[in-house]
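Here is the structure we will look at, set down as structure tokens.
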Amino acid sequence: MTLTGQLCRRYGSLPVTVACGVLLPLSVVLPPLTDSVLVLGLVLLVFGAAYGGISVAMNSAAVDLVSTLRRPVMPSFHAAFSLGGMLGAGLGGLVAGHLSPTPHLLGVTVLGLAVTAAAAPTLLRRGAADLLREHTPARPHVPSGAGGSRRMDRRTRGLVLVFGLIALCTAYGEGAVADWGPLHLEQDLHAHPGVAAAAYACFAFAMTIGRLSGTTLLERLGRTRTVVGGGATACAGMLLGALAPSTGLAFVGFAVTGLGLANIFPVAVERAGALAGPGGVAAASTLGYGGMLVGPPLIGFMADRYSLPAALTSVAVLAGVAACVGFATRQTERTERTDRSEYMERTGRMERTEHTAHPERKRSTETV
């Protein structure tokens with residue numbers, strides 16, 4: 001992820017997205033072709049690099065698009081991610097009993113390459129990257145270094161790490177519910193395995209709904225209130241999901257947790273990217289996915305020492321931490337709003353001056 005941030009600064013986020021969009025599906029088909037644990041490990045490293053790369057590249061492009069549209073649409077992109085995860089898991093389950101891994105993953109590879117081929121002409125179209133840069137406000141907290149690269153000063157680096165911490169708290173919860181939620185229902189609440197397996201689907205569905213409504217929520221409440229309210233909601237939902245005495249109440253708790261966590265990760269990544277560009281996206285994403293990586297093992301250790309319900313309450317604790325950190329950084333939203341207003345006012349003055357001096361350019365622009 002860190003390397004991808006550097007590549008995005010040098011070559012642009014759109015070309016890197018396309019390159020990772022080719023590498024990722026090609027790496028998907030490799031695992032069933034391996035013949036040893038060592039080779040499988042190397043293949044999974046390639047897959048992980050492609051997955052992390054496309055995550056940073058797409059989010060970097062999305063940050064610029066949010067600035068261009070001047071609307072907080074970042075949750076919509078992450079809603080597509082959640083929806084894709086649900087569809088992939090569902091379709092994979094349907095074909096698992098009829099196809100071996102090789103043709104199954106080969107089909108996924110073909111589909112992934114087809115999607116990349118369909119999207120690449122638009123992403124690589126001449127002027128697409130310039131259009132994003134043209135409408136993206138300058139980042140006043142990130143001074144330019146040699147060669148046009150952006151170097152984070154100490155304050156900006158600290159803020160990016162804070163937003164990365166918020167992303168970590170959110171991803172910790174996602175990983176925990178995915179890996180331990182069904183086991184909790186089956187082991188502690190004695191649910192049928194088929195019912196327990198639906199726990200994550202319930203969580204993911206609620207998260208998708210929350211992200212689809214995220215843009216409206218952000219426009220009405222703002223980023224700080226959305227993060228604080230989401231963290232508090234996830235905290236309450238996970239306490240219910242972990243400590244509920246029945247399967248039905250646990251499902252309600254997981255759904256409420258999904259709604260609460262839905263928009264925190266997108267907001268954290270978008271704010272890091274707005275502050276520091278692709279480098280900020282890379283840093284926040286690395287911390288965020290680090291939470292998804294270390295969360296399930298930590299819960300396993302805590303479950304072994306105490307109990308699984310008690311271990312799952314750590315998700316509620318970190319959701320509360322995310323809410324507190326989001327409230328503590330509320331001043332940065334006001335600063336960004338002021339910077340954006342000054343930029344809009346300055347841009348408006350420049351456009352009015354340009355149109356007054358060159359009216360024929362205005363007519364040409366309107367024609368286009």
### Query
Hey, which of Leu14, Thr17, Val16, Leu3 is the one that makes side-chain contact (heavy atoms from CB on, under 4.5 Å) with Cys8?
Val16
### Message
Under a 3.5 Å distance rule, please check whether Ser55 uses its side chain to pair with a backbone N or O of Tyr51 as donor and acceptor.
### Response
no
### Task
With the side chain counted from C-beta on, respond yes when Met74 and Val267 share a heavy-atom pair under 4.5 Å apart, and no when they do not.
no
### Interatomic distance, Leu312 atom CG to Leu183 atom CG [nearest 0.5 angstrom]
9.0 Å
### Message
Test side-chain contact (heavy atoms from CB on, under 4.5 Å) on Leu259 and Met207; report intermediate values, then the result.
### Response
CA-CA 5 Å; Leu259 287 174; Met207 180 169 281; over 6 Å; no
### Query
Roughly how far apart are Phe251 CZ and Cys202 SG, rounded to 0.5 Å?
6.0 Å
### Task
Would you mind listing the cluster partners of Leu240? Hydrophobic ones only (ILVMFWY), side-chain contacts under 4.5 Å, chaining allowed.
Leu249, Val252, Val256
### Query
Does a donor on one side chain and an acceptor on the other come within less than 3.5 Å for Thr215 and Arg71?
no
### Under the side chain to side chain contact (heavy atoms under 4.5 Å, CB included) test, residues paired with Ala19 that sit two or more places apart
none
### Query
Roughly how far apart are Ile299 CD1 and Leu308 CG, rounded to 0.5 Å?
7.5 Å
### Query
Quick one: does Thr313's side chain have a donor or acceptor within less than 3.5 Å of a partner on Ala316's backbone?
no
### Message
With rounding to the nearest 0.5 angstrom, report the CE to CG distance, Met58 to Leu65.
### Response
13.0 Å
### Task
Please tell me if the side chains of Phe77 and Asn59 come closer than 4.5 Å, counting only heavy atoms from C-beta onward.
no
### Message
Measuring only between side-chain heavy atoms, which start at C-beta, is Val29 closer than 4.5 Å to Val108?
### Response
no
### Query
Any side-chain heavy atom of Val195 sitting closer than 4.5 Å to one from Glu186?
no
### Query
Below 4.5 Å, heavy atoms only, C-beta onward: do Leu42 and Thr34 meet side chain to side chain?
no
### Task
Check whether any side-chain heavy atom of Glu270 lies under 4.5 Å from a side-chain heavy atom of Phe163, and answer yes or no.
no
### Task
Examine the side chains of Tyr172 and Ser314 and answer whether a donor and an acceptor come within less than 3.5 Å of each other.
yes
### Message
Closer than 3.5 angstrom, by distance alone: can the side chain of Arg211 be matched with the main-chain N or O of Ala262 as a donor-acceptor pair?
### Response
yes
### Query
Which value, rounded to the nearest 0.5 Å, describes the distance between Leu287 atom CG and Leu168 atom CG?
6.5 Å
